[in-house]
Peer 1: 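Take a look at this one; I'll ask things after.
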Amino acid sequence: MTTEDFEREAERLRPMLVAVAVRTLGDARYAEDAAQDALAKLWAMHADLRLPVAALARAVVRNLCIDSMRRRRSTFTSQYIERGEAAEEESNEDAFTQVMRVVDTLPAAWQVVIRLRHIDGMSTADIARLTGASEDAVRKQLSRARMAIRKHYLDNLGNE
């Protein structure tokens, strides 16, 4: 793709990229940056690109948005812990304790996958290797365990 072709395509794609970024991030402030970053990534490979590039551009901006959200979440978490907000920390601890009580009532296999995934942060592939189950079986167990936890909370909301 020539420089002129890329410039025309970038101008045409920019509004769509911003819209995708706004939908993904939920915040227009970061959407422009994400669209610009996506165009910069596409520019780096413009010599190898062929028209149309809209689908690739959407995938690039969506992945950049997801990366951005992950970075902001981990930054927020580390800042939150550093500030040591005692009251909020206690309420989060209470919520965690409540969830763990529900997890303790689940079948053993579900408890294992929930703890490995959400507490230890392991991937489904790693959990499958560790437990000797297939990745599909691990995903199914995670889904069923999450549904059981959700059902418990929805049932208990009406009782309070």
Side-chain angles (χ1 to χ4, degrees), residues 13 16-31 33-35 37-42 44-45 48-50 52-160:
L13 290 174
M16 182 261 308
L17 294 177
V18 171
V20 168
V22 166
R23 279 193 308 271
T24 305
L25 294 172
D27 191 346
R29 293 178 298 170
Y30 299 109
D33 293 338
D37 290 344
L39 290 172
K41 278 192 176 280
L42 291 171
M45 57 181 148
D48 300 325
L49 294 177
R50 303 251 186 279
V53 295
L56 175 62
R58 272 193 301 273
V60 168
V61 77
R62 187 180 58 244
N63 289 341
L64 287 170
C65 290
I66 291 168
D67 290 346
S68 171
M69 290 186 314
R70 286 179 179 155
R71 277 192 305 276
R72 279 190 284 160
R73 183 178 60 196
S74 67
T75 302
F76 172 76
T77 303
S78 64
Q79 288 173 352
Y80 172 76
I81 291 171
E82 288 170 7
R83 283 196 317 252
E85 307 255 340
E88 289 184 31
E89 196 171 290
E90 285 178 22
S91 68
N92 285 342
E93 192 172 299
D94 291 343
F96 179 77
T97 304
Q98 290 173 349
V99 169
M100 290 314 295
R101 272 193 231 121
V102 175
V103 169
D104 290 338
T105 66
L106 297 174
W110 292 2
Q111 287 182 35
V112 169
V113 295
I114 283 286
R115 286 189 170 112
L116 290 174
R117 177 73 174 142
H118 294 291
I119 294 175
D120 297 338
M122 293 177 73
S123 69
T124 54
D126 291 338
I127 296 170
R129 273 193 297 279
L130 185 66
T131 61
S134 69
E135 284 187 58
D136 289 335
V138 170
R139 281 193 293 274
K140 191 176 287 188
Q141 288 176 342
L142 280 168
S143 175
R144 289 178 177 165
R146 289 175 186 143
M147 285 190 306
I149 293 168
R150 181 177 182 269
K151 183 181 182 320
H152 173 80
Y153 275 104
L154 290 176
D155 291 346
N156 286 337
L157 279 177
N159 296 336
E160 292 178 356

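Excluded from the calculations below are hydrogen atoms, water molecules and symmetry mates; all remaining heavy atoms, backbone and side chain alike, are included. We number each residue from 1, following the sequence as shown.
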Peer 1: Which side-chain N or O atoms in residues 54-65 pair as donor and acceptor under 3.5 Å with protein atoms at least two apart or in another chain?
Peer 2:
residue: Asn63; atom: ND2; partner: Ala59; partner atom: O; Å: 3.3

Peer 1: Holding to side chain to side chain contact (heavy atoms under 4.5 Å, CB included), I want the full list of residues that pass it with Ala125, two or more places apart in sequence or in another chain.
Peer 2: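 Once residues adjacent in sequence are excluded, the partners of Ala125 under the side chain to side chain contact (heavy atoms under 4.5 Å, CB included) criterion are Ser123, Arg129, Glu135.
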Peer 1: Could you work out, with salt bridge (charged side-chain N to carboxylate O under 4.0 Å, His left out) as the rule, every residue matching Asp33, not counting sequence neighbours?
Peer 2: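 By the salt bridge (charged side-chain N to carboxylate O under 4.0 Å, His left out) rule, Asp33 matches no residue at all.
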Peer 1: Sub-3.5 Å donor-acceptor pair from the side chain of Thr24 to the main-chain atoms of Ala21, do we have one?
Peer 2: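 Not at all, since once roles are kept as given, no pair shorter than 3.5 Å links the two residues.
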Peer 1: How long is the straight-line distance from CG of Leu130 back to CE of Met122, given to the nearest 0.5 Å?
Peer 2: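 It comes to 5.0 Å.
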Peer 1: For residues 136-150, tabulate all N or O donor-acceptor pairs below 3.5 Å that involve a side-chain atom, not counting sequence neighbours.
Peer 2:
residue: Asp136; atom: OD1; partner: Arg139; partner atom: NH2; Å: 2.4
residue: Arg146; atom: NE; partner: His118; partner atom: NE2; Å: 3.1
residue: Arg146; atom: NH2; partner: His118; partner atom: NE2; Å: 3.0

Peer 1: Checking Val53 now: which residues fulfil side chain to side chain contact (heavy atoms under 4.5 Å, CB included) with it, not counting sequence neighbours?
Peer 2: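 Residues passing side chain to side chain contact (heavy atoms under 4.5 Å, CB included) with Val53: Met1, Glu9, Leu13, Leu49.
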Peer 1: Mind checking what makes salt bridge (charged side-chain N to carboxylate O under 4.0 Å, His left out) contact with Arg115, not counting sequence neighbours?
Peer 2: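 By the salt bridge (charged side-chain N to carboxylate O under 4.0 Å, His left out) rule, Arg115 matches Asp104.
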